[in-house]
There are 2 protein chains.
Amino acid sequence: MPPGDPLREQLIAQFDGLSGQLQQAARYLLEHPNEVALVSMRELARHAGVQPATMTRLAKALGFEGYNALRARYAEALRHERDGFADKARRAGSSKIADGDERAANLLRKTSAQLLSLCDPEPLMQLNAMAKRLAKARKVYVVGLRSSHVVAWHFHYVMSLLGERSIHLDGPAGTGGDALMRATKNDVLLVVSIQPYTADSLVLAKRAADQGVTIVSITDSAVSPLAGISRHAVLCPTESDSFFHTLVPALALSEALCALLADTDRAATLDALQRADEHHAALNTYATLPPWRHC
Amino acid sequence: MPPGDPLREQLIAQFDGLSGQLQQAARYLLEHPNEVALVSMRELARHAGVQPATMTRLAKALGFEGYNALRARYAEALRHERDGFADKARRAGSSKIADGDERAANLLRKTSAQLLSLCDPEPLMQLNAMAKRLAKARKVYVVGLRSSHVVAWHFHYVMSLLGERSIHLDGPAGTGGDALMRATKNDVLLVVSIQPYTADSLVLAKRAADQGVTIVSITDSAVSPLAGISRHAVLCPTESDSFFHTLVPALALSEALCALLADTDRAATLDALQRADEHHAALNTYATLPPWRHC
DNA sequence: AATAAAATGATTCATGTGTTGCTTTCGCGC
DNA sequence: GCGCGAAAGCAACACATGAATCATTTTATT
């Protein structure tokens, strides 16, 4: 559909070689590219003032297998128009890549696009609001079970470098939720859960909500069980071509959240990192020095 | 399709009153609004993991005459979104994006680009080679400490769904590395470590290498201490504008690795997932069903 | 525990779809 | 005027689609 689209160019290039009815059909495609995928061929033909068969013939004249192939091409253009970079991304990996490499490349490209989709105004707004709410909490409890453990743990780990406000609800022998008993109305519970939602997470969140604790969540849908009870919910895509859902967008959100929180009090952050640095230096935790030396 | 769309709101509002299959269908509509008008009802139902009839029922539950009316509504939204797209792009830089929004967007965009950079031939090749090596290992030991715990744990979690070849070197009271004592030359140790490299990880890797265990690693540099002793090393970017290094690319690599491994024996994978599914169903682990039902 | 009610799955059906082969029309040189 | 070839219209077909119906399972209620 955009002026630079290769199909559009082809249509224009071949136009003069087409004849009568084909031209009329082609003209309609050029002028109403978005209609193509949204209505049936017969209806499209009616609008274009052309016989249905002409559309089939045009498709073949353009080198497509049949009309459906042409239609699919327009549908694809519609899907990816929002992010015009999609073509760029697709072309990027077009060089000589091996059989199995293509599989991995597709997974990574798709995930990359999902991260970009998080830059839409809506998730950004929620993320920012969540950061503000977390910043003024007395304590921040964090829970994320099973696959979501990845995100919850990472959030807690980073926050624990910055202070002692974060409490990870993840103890052995099922004691994970116990710390919540001391939660107050000034506290916030960050719940991370994506489909399939772990039952324990939901129970814990519900209990906390009843206690008056503010719930914020990183989850995957506006109709997630968490979205209803959350003060703020950031929605992240999780779809993947593999058999499990991807956690990469959720983790990226967690990192962004941590960055925003660290920004709210730069002085305190630097001070905390200084202490952490000294601590780890004394213990020889690291084989090389932490990287925030030169910030 | 936009967050404020009345149909979307209605869908969310009515969601709790819907039942089972209807909810699953509704969820798919919410998460893939642009697909609705672009594919047939039956195909949509397949993607949503739902019977075709369910889509008809959902349409009527939402007050539409039939599915076609619903579909027309989505088609209209698609048409209008594109109209609105023009001026949205026009005032893109100007409008109300809060200060913190830009910060988060920058982080996410940068991370997204880093994922794309993993689609270069070099990392893909390494990743594929690593997957092949892991596929024929007797046991796969996994270690990743501190921030890298995120990646190591995720890899182990997914692999544990697929079988019992994976062993996570992460026990309490410093016993994490003990399992390595039983490692043989037929085993592989996957080490995840980025700067600053945790000393314990390196010690463990060195010991394993001396035992004759094959080392593969996800790390951040060709001159990482791990790269030298690794049979295969996938390098991932970790740079971030925040004070900590990003783990998102490393996690994405882990996911891709898992997908490649799952692909090597599809039958076994599906069988293992079936078992996992039954297990969790019996225990009521999840509040909703795992998503791989309809693959 | 038994029954009713609702939800889900499977089957069937009428309709609309894209396609194809055939007929008709049109343009053009002889 | 007459054939000739390409383009355009037409109608029938095979097939997929959305919807309606009935059977089965699940869930709730008494």
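Here the structure is a predicted model, which means the values were calculated and not measured. By convention in this document, chain letters (A, B, ...) are assigned in the order of the sequence lines, proteins followed by strands, and residues within each chain are numbered from 1.
- Of the candidates C/dA10, D/dG9, D/dA19, D/dG9 carries the atom nearest the A/Q21 side chain, counting heavy atoms from C-beta on.
- An OP1 or OP2 oxygen of C/dT20 is reached within less than 4.0 angstrom by a side-chain nitrogen or oxygen of A/K60.
- Between A/T56 and the phosphate of C/dG18, there is no side-chain N or O to OP1/OP2 separation shorter than 4.0 Å.
- Atoms CZ (B/F64) and P (D/dG18) sit 15 Å apart, rounded to a whole Å.
- What separates CD of A/Q51 from P of C/dC26 is a distance of 14 Å, to the nearest Å.
- Minimum atom distance to the side chain of B/M41 is reached by D/dG18, of the listed D/dG18, C/dG18, C/dT8.
- With hydrogens and angles ignored, no donor-acceptor pair under 3.5 angstrom links the side chain of B/R57 to the base of D/dG18.
- Nucleotide C/dG9 holds its P atom 11 Å from the CG atom of B/L22, rounded to whole Å.
- Side-chain contact of B/H280 with A/R146: a donor-acceptor pair under 3.5 Å is present, judged by distance alone.
- Between B/R71 and D/dG18 there is a side-chain N or O to OP1 or OP2 distance below 4.0 Å.
- Put simply, CD on B/Q23 is 13 Å from P on D/dT27, counting in whole angstrom units.
- Note: CG (A/N68) to C1' (C/dG16) measures 13 Å, nearest angstrom.
- Residue whose closest nucleotide on DNA chain C sits further toward the 5' end, between A/P52 and B/R42: B/R42.
- In this entry the distance linking CE of A/M55 with P of D/dG9 reads 12 Å, nearest Å.
- Put simply, A/S40 has no side-chain N or O that comes within less than 4.0 Å of OP1 or OP2 on C/dG16.
- The pair B/E76-B/R79 meets the salt-bridge criterion, since a charged nitrogen lies less than 4.0 angstrom from a carboxylate oxygen.
- The number of heavy-atom neighbours closer than 6.0 Å to CD of A/E65, taken from other residues, nucleotides and ligands shown, is 12 or below.
- Side chains of B/L7 and B/F64 form a contact here, defined as non-hydrogen atoms less than 4.5 Å apart.
- When the shell of 6.0 Å around CD of B/E278 is examined, it contains more than 12 heavy atoms from other residues, nucleotides or ligands.
- Distance B/E65 CD to D/dA20 P: 9 Å, rounded to the nearest Å.
- Residue-to-nucleotide contacts include no donor-acceptor pair under 3.5 Å from the side chain of A/R46 to the base of C/dG16.
- The distance from atom CG of B/L44 to atom C1' of D/dT17 is 13 Å, rounded to the nearest whole Å.
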